[in-house]
Amino acid sequence: SCLFHPGVPIFHDALKGWSCCKKRTTDFSEFLSIKGCTRGRHSNEKPQEPLRPEVSSDKGEIKHTNDQEIIYQGPKSAEKLQKERPSSDKPKIKLPHKVSASLAQVLETLDISKRAEKEMKESQTVMAGTRCKNTGCKTVYQGPETDMEVCTHHPGAPVFHEGYKYWSCCCIKTVDFNAFLDQKGCSTGKHCWIPKQDKKKVACRHDWHQTGNNVVVTIYAKKANPELSFIEANQTVLSCQIQFEDNKIFKRDFHLWGV
């Protein structure tokens with residue numbers, strides 16, 4: 001005779017068993033080893049699976065007396081919302097800004113100090129023996145005639161990766177540091193005897209939140225320059241660029257939701 005389970009397997013709350021008998025276990029191998037609870041004849045045919053009950057909604061059958069059909073629609077899926085969401089590549093609109101009285105006073109003080117610093121730099125005479133500040137140029141200032149010479153330099157930045165050394169502007173790779181320093185510049189221009197204060201991209205403390213009608217962004221940047229800062233936005237993205245403390249730049253894109 002054939003010893004088998006006429007029921008269906010049940011998996012519920014980590015327990016495994018058969019609907020025809022009461023034995024339950026958490027181990028799958030032990031579940032497969034549970035002996036059948038019914039005897040009968042062997043069969044070469046696979047038993048038919050029990051029919052699943054059809055699930056119908058009572059709400060879908062409700063109709064008003066004026067024969068108007070009511071359609072119940074569930075929440076939209078994330079995929080559907082992503083398809084309907086406006087593109088973030090759409091043109092952005094520059095938002096207007098207002099300068100507070102306290103910031104205007106600080107900026108006026110900074111402007112005076114900048115002008116004095118600029119006048120001092122312009123009045124400085126370049127000393128003989130000063131080396132050109134452009135990277136890759138080894139020319140030394142000998143007099144006014146040196147300014148007439150062509151400056152051959154690297155406008156890019158040095159890159160050190162996996163033992164190789166090269167400039168980002170010409171990508172001539174070498175493993176020897178002296179050979180890297182001796183690489184001839186790939187661009188020409190004028191000599192620079194006074195070091196430049198390049199603007200650098202930095203991180204800045206910030207926080208933001210979004211409500212139904214408003215987006216509030218707070219950036220904790222001191223002495224921000226409103227003339228060199230801007231905020232742009234479209235339907236899905238808000239972009240900020242804040243220049244503060246003379247040579248620091250903070251850039252960040254905030255992706256808006258609920259659209």
Side-chain angles (χ1 to χ4, degrees), residues 89 91-92 94 97 99 103-206 219-232 237 239-253:
D89 296 330
K92 297 183 180 71
K94 194 170 184 178
H97 62 267
V99 181
L103 178 60
Q105 187 176 359
V106 172
L107 292 174
E108 186 177 354
T109 306
L110 283 175
D111 187 44
I112 295 172
S113 62
K114 280 183 184 178
R115 277 183 290 180
E117 185 179 354
K118 186 177 179 181
E119 289 175 1
M120 185 180 68
K121 283 185 177 180
E122 289 177 353
S123 63
Q124 285 180 350
T125 56
V126 182
M127 301 296 293
T130 303
R131 186 171 175 174
C132 179
K133 306 304 179 185
N134 290 331
T135 53
C137 180
K138 297 182 178 180
T139 303
V140 175
Y141 184 78
Q142 301 294 342
E145 64 277 1
T146 313
D147 289 327
M148 304 302 293
E149 298 177 2
V150 177
C151 175
T152 305
H153 62 281
H154 293 287
V159 179
F160 304 95
H161 180 64
E162 293 183 352
Y164 288 99
K165 305 159 186 68
Y166 59 95
W167 296 92
S168 61
C169 47
C170 51
C171 295
I172 302 175
K173 298 182 180 180
T174 179
V175 294
D176 184 60
F177 190 73
N178 291 324
F180 162 73
L181 294 177
D182 292 335
Q183 282 186 11
K184 192 176 181 180
C186 57
S187 295
T188 56
K190 292 184 177 180
H191 291 295
C192 177
W193 309 113
I194 300 173
K196 299 177 182 178
Q197 286 190 345
D198 294 331
K199 296 176 177 61
K200 55 182 179 180
K201 188 177 178 181
V202 297
C204 184
R205 181 188 163 205
H206 66 279
I219 301 172
Y220 300 91
K222 293 182 179 180
K223 302 176 183 178
N225 190 336
E227 295 181 0
L228 302 175
S229 304
F230 62 86
I231 298 177
E232 298 177 332
V237 179
S239 301
C240 298
Q241 177 172 316
I242 309 296
Q243 181 168 331
F244 63 103
E245 294 182 5
D246 195 20
N247 63 338
K248 296 179 181 178
I249 294 179
F250 171 75
K251 293 182 179 180
R252 179 68 187 266
D253 290 339

Next on the checklist: Checking Asp89 now: which residues fulfil side-chain contact (heavy atoms from CB on, under 4.5 Å) with it, not counting sequence neighbours?
Outcome noted: Ser87
Can you see which heavy atom on [X] is nearest to which on [Y], and at what distance?
X: Val237; Y: Lys92; answer: CG1-CE, 4.0 Å
X: Cys204; Y: Tyr220; answer: SG-O, 3.2 Å
X: Asp176; Y: Thr174; answer: N-OG1, 3.2 Å
X: Val106; Y: Lys223; answer: CG1-CG, 3.9 Å
X: Phe244; Y: Ala224; answer: CB-CA, 3.8 Å

[X]: partners by ring-ring contact (aromatic ring centres under 6.0 Å, His included), with sequence neighbours left out:
X: Tyr141; value: Trp193
X: Phe177; value: Phe180
X: Phe250; value: His206

Checklist entry - If we only count heavy atoms from C-beta on, is the Ile219 to Cys240 side-chain gap below 4.5 Å? => result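 Side chain of Ile219 against side chain of Cys240, heavy atoms only: contact under 4.5 Å found.
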Interatomic spacing from [atom1] in [X] to [atom2] in [Y] - rounded to 0.5 Å:
X: Ile231; Y: Ile242; atom1: CD1; atom2: CD1; value: 5.0 Å
X: His153; Y: Cys192; atom1: NE2; atom2: SG; value: 9.5 Å
X: Lys133; Y: Thr139; atom1: NZ; atom2: OG1; value: 12.5 Å

Next on the checklist: Between Tyr164 and Val175, does the side-chain contact (heavy atoms from CB on, under 4.5 Å) criterion hold? Intermediate values first, please.
Outcome noted: CA-CA 5 Å; Tyr164 288 99; Val175 294; 4.0 Å; yes
Checklist entry - Which residues pass the salt bridge (charged side-chain N to carboxylate O under 4.0 Å, His left out) test with Glu245, sequence neighbours left out? => result Lys248
Got a list of side-chain donor-acceptor pairs under 3.5 Å for residues 181-191, not counting sequence neighbours?
residue	atom	partner	partner atom	Å
Asp182	OD1	Lys138	NZ	2.8
Gln183	NE2	Ile172	O	2.7

Next on the checklist: Is it true that, when you exclude Glu227 itself, more than 12 heavy atoms of the residues, nucleotides or ligands shown sit nearer than 6.0 Å to its CD?
Outcome noted: no
Checklist entry - Could you walk me through whether Phe160 and Lys165 pass the side-chain contact (heavy atoms from CB on, under 4.5 Å) check? => result CA-CA 5 Å; Phe160 304 95; Lys165 305 159 186 68; 3.4 Å; yes
